[in-house]
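Structure first, then comments.
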2 protein chains.
Amino acid sequence: MTESATAPRRVPLDRERVLRAAVALADGLGIEALSMRNLAERLGVVPMALYKHVANKEELLDGMVEVIVGEIDPPAPGADWKRAIRQRILSARQALLRHRWASQVIESRTHAPPVVLEYMDSLMGTFRAGGFSVDLTHHVMHALGSRIWGFTQEVFPTPLPPADPEARAAMFGQLAARYPHIIEVATAGYHDGQSAVGSGCDDQFEFEFALDVLLDGFERLHRQGWNSAERRPGTRTAG
Amino acid sequence: MTESATAPRRVPLDRERVLRAAVALADGLGIEALSMRNLAERLGVVPMALYKHVANKEELLDGMVEVIVGEIDPPAPGADWKRAIRQRILSARQALLRHRWASQVIESRTHAPPVVLEYMDSLMGTFRAGGFSVDLTHHVMHALGSRIWGFTQEVFPTPLPPADPEARAAMFGQLAARYPHIIEVATAGYHDGQSAVGSGCDDQFEFEFALDVLLDGFERLHRQGWNSAERRPGTRTAG
DNA sequence: ACCTGAACACCGTTCAAGT
DNA sequence: ACCTGAACACCGTTCAAGT
């Protein structure tokens, strides 16, 4: 009985506990609230104690990425490449949606933690198993880019329209004059008084739309036996 | 002669000068070196003087984005939609490459400055002029996402291999065991002793590859009269 | 009325002093 | 030998004192 009642919460710190606390803190208060001092306080230790388990804040962030990437489902056995890739990326998307700060942190990393390399290697293995050439696999991974994590940097969120109908009408009038196409697109299909501006698009639909345009394109290139010695996809002339 | 020799550099500060100095500082020393204090010193003023021209640092960053987006070429007249969009995005890419910090700052913006809305509106106008439905224009803009700025978040840069041939061979052996597909792809086409790992891919080729896969896909959907009431691109069954 | 130095409330990280 | 409080060199921003 080493953990007796006389020392109730004297659980020794370890890297795992530091990382999980950091993830929980970022989940709860946002990534901008994650400071070494803040995290230490949350763990009931002095800030310097953290430096026993992570060399610095950058390494802390690396570790947090590892935790999130670890939540991505393993590849489904037996699926064809297209379904396998699609499923894996959409699983990554779910993991990233559970931790809204994660995409930002992933994009700020300058080197890949091992678990990230494993994930990328696994995706590439799926393409190769599907018959993709090494060449096409290479460019296809680049084309997916950060989309392999299930997110794409969206264009800027448009601000919420004012609640007052008159003010809203005035705002739309002004915007429509300056940005006619944005307003046209944003208000399409919303003719019953509300508008898509501010109310947000269906992010999941948009993500899958882009993913499927890419996957369909990859499939076509693969079938055509594309290779990079020829030109880029769109520039090949007929015959 | 208001600007006489007796007061040589007493040029009054204005927003324009603040923004240009901030861009120059970020270009020269990196975005992490851009602080209000640093920028003030560079301009020979006290930090508080900056707050006369920008409300806070966020607004300073907004202004810097405006400067960079202003460098993007206007649309070429007379080109078909595909060439026009392609050219515009590749021009944006050149602007962003001149300011390596810009993509990071653009992605961190929470709202779009007017010049950004104008650029997006202009792209959407090009799709519309090319006959795209409002519906397809909407989803196509989402699919491009941050690619409209000419960049995509690349996957993590792989570290430079060690110079010592023996150490390099050992490293490749270890990596190949853990990440066989990464190594396969990274070393393809480099059989003359060097490797693509660390030496970097052709970013411009990769960018245009992905862009063209998307543009080709958009063209195909447009010709098919795609609309979002049907399913996503890849999920439509034959017939 | 205008400007600005000092101060406030933070940061990540170092380091020497204390146990 | 180990731990940690104080300190260092920064931040963005506030505010009151000085001109």
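All chains are named by letter (A, B, ...) in the order of the sequence lines, taking the proteins before the strands, and each is independently numbered beginning at 1.
For the pair B:E32 CD and D:dG12 C1', the computed distance is 17 Å after rounding to whole Å. Rounded to whole angstrom, the span from the CD atom of A:E41 across to the P atom of D:dT4 amounts to 15 Å. When the P atom of C:dC2 is taken as reference, atom NE2 of B:H53 falls 13 Å away, rounded to whole Å. Atom CG of A:L13 and atom P of D:dC3 are 11 Å apart (whole Å). Whole-Å rounding puts the A:L60 CG to C:dC11 P distance at 14 Å. Look at OH on A:Y51: it is 18 Å from P on D:dA6, rounded to the nearest Å. As a whole-Å value, the separation of A:K57 NZ from C:dG12 C1' is 8 Å. The nearest whole Å value for the distance from the CZ atom in B:R37 to the P atom in C:dA7 is 13 Å.
Side-chain N/O atoms of A:K52 include one lying less than 4.0 angstrom from OP1 or OP2 on D:dC3.
The environment of A:E66 atom CD is dense: over 12 non-hydrogen atoms of other residues, nucleotides or ligands sit within 6.0 angstrom.
For A:M36, the listed nucleotide lying nearest its side chain is C:dG12; candidates were D:dC11, C:dG12, D:dT4.
Between B:R93 and B:E208 no salt bridge is recorded (no basic side-chain N to carboxylate O distance below 4.0 Å).
Comparing D:dG12 with C:dT14, their C1' atoms sit 23 Å apart, to the nearest whole Å. Atom name P, nucleotides D:dA9 and C:dA9: the rounded distance is 22 Å, in whole Å.
Rounded to the nearest 0.5 Å, atoms NE2 (B:H53) and CG (B:L50) are 8.5 Å apart.
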Decide side-chain hydrogen bond (donor to acceptor under 3.5 Å, both in side chains) for A:H142 and B:D203; before the verdict, give the C-alpha distance in whole Å, the side-chain angles of both, and the deciding distance to 0.1 Å. CA-CA 9 Å; A:H142 274 289; B:D203 289 339; 5.7 Å; no
Let me see the working for A:E71 and A:H99 under side-chain hydrogen bond (donor to acceptor under 3.5 Å, both in side chains), right down to the final yes or no. CA-CA 11 Å; A:E71 292 182 9; A:H99 310 282; 3.1 Å; yes
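Among the heavy atoms of the strands lying under 4.0 Å from B:M48 is at least one base atom, whether or not backbone atoms are also near.
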Its dot-bracket string being built from Watson-Crick and G-U pairs below 3.5 Å, with | for another strand and [ ] for crossing, DNA chain C has the pattern ||.|||||...|||||.||
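At least one side-chain heavy atom of A:L34 sits under 4.5 Å from a side-chain heavy atom of A:L61.
The distance between the ring centers of A:H139 and B:F205 falls below 6.0 angstrom.
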